Amino acid sequence: MRKLVFPVLTILIILFSGVRGFTQDAPMEIHCKHFFHGYPLGTPPTNDLIIRDIYALSNNDTTKFADWVAYRLSVLEVIGYNDQKREWRTDPWLDENETLDAKPDRKDAYKGANTAIKVDRGHQAPLASFRGTLCWYQTNYYSNITPQKSELNQGPWKTLEDTVRDIVKTNKTVYVMTGPLYDKPREEKLPNVTKDYKFPSGYWKIVCVLDDEDNMDKFQVAAFIFPQDTPKSAKVLAHLTTIRAIEEKSKLNFLWELDDTVETRVETTDDSDWIKDYIKE
């Protein structure tokens, strides 16, 4: 039997991440630097909550992907120098039946997907956003990656990720929540995968920027929805939406720790003109 040895801090995180049964009716009070006025509620009770130094995610046993990924960015994360090697691997904190796997003679579940179905390895927490951390390699775990059409991944999705980093470089602290959608059935399958899984029909992203580092109640938000077949030439701003629209499609509940009146106003108002000053398209 293989013996796994972890530092004490890692053991504590594993124990913490193994807690199950989060429901929208009785949310647990979980404190994590990546959560912005609460973690996204509404995931199945069988999901695995994983909390790492650079992101937190809720992995779905059925889809084999994260229902959401949340991360906090500051200049310390974005500014740095690492070689950013893309060494893809399964998440060491998940059981084999909870994540994608490659065929026995292959190491990479996504190998050949670009040629076969025009799909990239779509990072939810972007590798390029964690240059300044020692844990950047954890963005290459399959739990943080979903099959994303190349046109979307290399087009408006990349533009939005670049925009978030540009905001951070102005000494802003940014919280991001992102994840896949399954509102329309998709027939594509990765050629190297043996287990059944659900192919995302699109993606959502919520960007929350603090106006004051010391005041979590002063912030600006921008929300986006991108269909899986979004063309590379598509404009990011054409995909602006409201948090409430994302909640309706994803069946998740965001910002639930806010006062109800404030939450409703923030989630239903498209007050995102501020981000237009950052997006270069």
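Nothing here was measured: the structure is a model prediction, and the numbers come from that model.
Centroid-to-centroid, the aromatic rings of Y141 and W93 stay 6.0 Å apart or farther. For F130 and Y71, the ring centers are positioned less than 6.0 Å apart. Not less than 6.0 angstrom separates the ring centroid of Y55 from the ring centroid of W68.
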Please table the atom pairs, donor to acceptor, closer than 3.5 Å between any side-chain atom in residues 218-234 and protein atoms at least two apart or in another chain.
from: Q228; atom 1: OE1; to: K149; atom 2: N; distance (Å): 2.9
from: Q228; atom 1: NE2; to: P147; atom 2: O; distance (Å): 3.2
from: Q228; atom 1: NE2; to: P200; atom 2: O; distance (Å): 3.0
from: D229; atom 1: OD1; to: R186; atom 2: NH2; distance (Å): 3.1
from: D229; atom 1: OD2; to: R186; atom 2: NH1; distance (Å): 2.8
from: T230; atom 1: OG1; to: P227; atom 2: O; distance (Å): 2.6

Sequence neighbours left out, cut at 3.5 Å: what donor-acceptor pairs do the side chains of residues 262-270 make with other protein atoms?
from: T264; atom 1: OG1; to: D260; atom 2: O; distance (Å): 3.0
from: E267; atom 1: OE1; to: R244; atom 2: NE; distance (Å): 3.4
from: E267; atom 1: OE1; to: R244; atom 2: NH2; distance (Å): 2.9
from: T268; atom 1: OG1; to: T264; atom 2: O; distance (Å): 2.6
from: T269; atom 1: OG1; to: R265; atom 2: O; distance (Å): 2.8
from: D270; atom 1: OD1; to: S272; atom 2: OG; distance (Å): 2.6

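To the nearest 0.5 angstrom, R121 atom CZ is 13.5 Å from N144 atom CG. Atom OG1 in T43 sits 8.0 Å away from atom CG in L49 (nearest 0.5 Å). Taken from CG in D67 to OG in S58, the straight-line distance is 5.5 Å, to the nearest 0.5 Å. Distance check: T46 OG1 to E98 CD gives 8.5 Å after rounding to the nearest 0.5 Å. The distance from the OG1 atom of T173 to the CG atom of L210 is 5.5 Å, given to the nearest 0.5 Å. Summarising the geometry, atom CH2 belonging to W157 is positioned 13.0 Å from atom CG belonging to D120; distances are rounded to the nearest 0.5 Å.
Annotation for W204 and P180: closest pair NE1-O, 3.5 Å, computed over non-hydrogen atoms. When all heavy atoms of P40 and M177 are compared, the closest pair comes out as CG-SD, 4.0 Å. Closest approach of D217 and N215 over heavy atoms only: N-OD1, 2.9 Å. The two residues S150 and N114 make their nearest non-hydrogen contact at OG-ND2, 2.9 Å. Closest of all the heavy-atom pairs between Q124 and T178 is OE1-OG1, 3.3 Å. Of all the heavy atoms in C208 and I206, the pair that sits closest is SG-CG2, 3.8 Å.
Scored by the side-chain hydrogen bond (donor to acceptor under 3.5 Å, both in side chains) test, S143 finds D91 as partners (sequence neighbours excluded). Scored by the side-chain contact (heavy atoms from CB on, under 4.5 Å) test, I79 finds V75, K169 as partners (sequence neighbours excluded). K235 is linked by a side-chain contact (heavy atoms from CB on, under 4.5 Å) to A238, E281, counting only residues two or more places apart in sequence or in another chain.
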- Evaluate the criterion side chain to side chain contact (heavy atoms under 4.5 Å, CB included) for residue pair L255 and I243; output intermediate values, then yes/no. CA-CA 9 Å; L255 309 183; I243 295 177; 3.7 Å; yes
- For H123 and N140, run side-chain hydrogen bond (donor to acceptor under 3.5 Å, both in side chains): C-alpha distance rounded to whole Å, both residues' side-chain angles, the deciding distance at 0.1 Å, then the answer. CA-CA 8 Å; H123 288 84; N140 292 327; 2.9 Å; yes
- Task: Using the side chain to side chain contact (heavy atoms under 4.5 Å, CB included) rule, take L57 and D48 through it: C-alpha gap first, then chi angles, then the decisive distance, then the call.
- Result: CA-CA 8 Å; L57 63 81; D48 289 73; over 6 Å; no
- Message: Pair M28, Y39 - check side chain to side chain contact (heavy atoms under 4.5 Å, CB included), show working.
- Response: CA-CA 10 Å; M28 292 190 67; Y39 55 92; 3.9 Å; yes
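Using a 4.5 Å cut-off between side-chain heavy atoms of Ile, Leu, Val, Met, Phe, Trp and Tyr, with links allowed through other members, L76 and Y175 fall into different hydrophobic clusters. In this structure, L134 is not a member of the same hydrophobic cluster as L73, with clusters built from ILVMFWY side-chain heavy atoms closer than 4.5 Å.
Counted within 6.0 Å of CG on D259, heavy atoms from surrounding residues, nucleotides or ligands total more than 12; the atom is thus considered enclosed. No more than 12 heavy atoms of other residues, nucleotides or ligands shown are found within 6.0 angstrom of NZ on K249. For K195, the NZ atom is densely surrounded, since the number of other residues' heavy atoms within 6.0 Å is greater than 12.
Proximity of N47 to D61: side-chain heavy atoms (C-beta onward) are nowhere separated by under 4.5 Å. The closest side-chain heavy-atom distance from L41 to L252 is not below 4.5 Å. The shortest distance between side-chain heavy atoms of V209 and I275 does not fall below 4.5 Å. L127 places a side-chain heavy atom less than 4.5 Å from the side chain of R86. Within the 4.5 Å cutoff, the side chain of I246 has no heavy atoms near those of the K205 side chain. By the 4.5 Å heavy-atom criterion applied to side chains, F36 and M216 are counted as neighbours.
K64 has no carboxylate O lying under 4.0 Å from a charged side-chain N of D101, or vice versa, which leaves the two without a salt bridge. In summary, K280 and D166 engage in a salt bridge, as defined by a charged side-chain N under 4.0 Å from a carboxylate O.
Hydrophobic cluster membership of Y197, counting Ile, Leu, Val, Met, Phe, Trp and Tyr whose side-chain heavy atoms lie under 4.5 Å apart directly or via other members: F65, W88, L100, Y110, I117, V119, Y142, I145, Y182, L190, V193, F199.
With hydrogens and angles ignored, the 3.5 Å screen pairs no side-chain donor or acceptor of W136 with any backbone N or O of E77. For D95 (side chain) and N97 (main-chain N/O), no donor-acceptor pair under 3.5 Å exists by modelled atom type.
Classified by interplanar angle (parallel below 30°, tilted 30° to 60°, perpendicular above 60°), the ring pair Y278/W274 is perpendicular.
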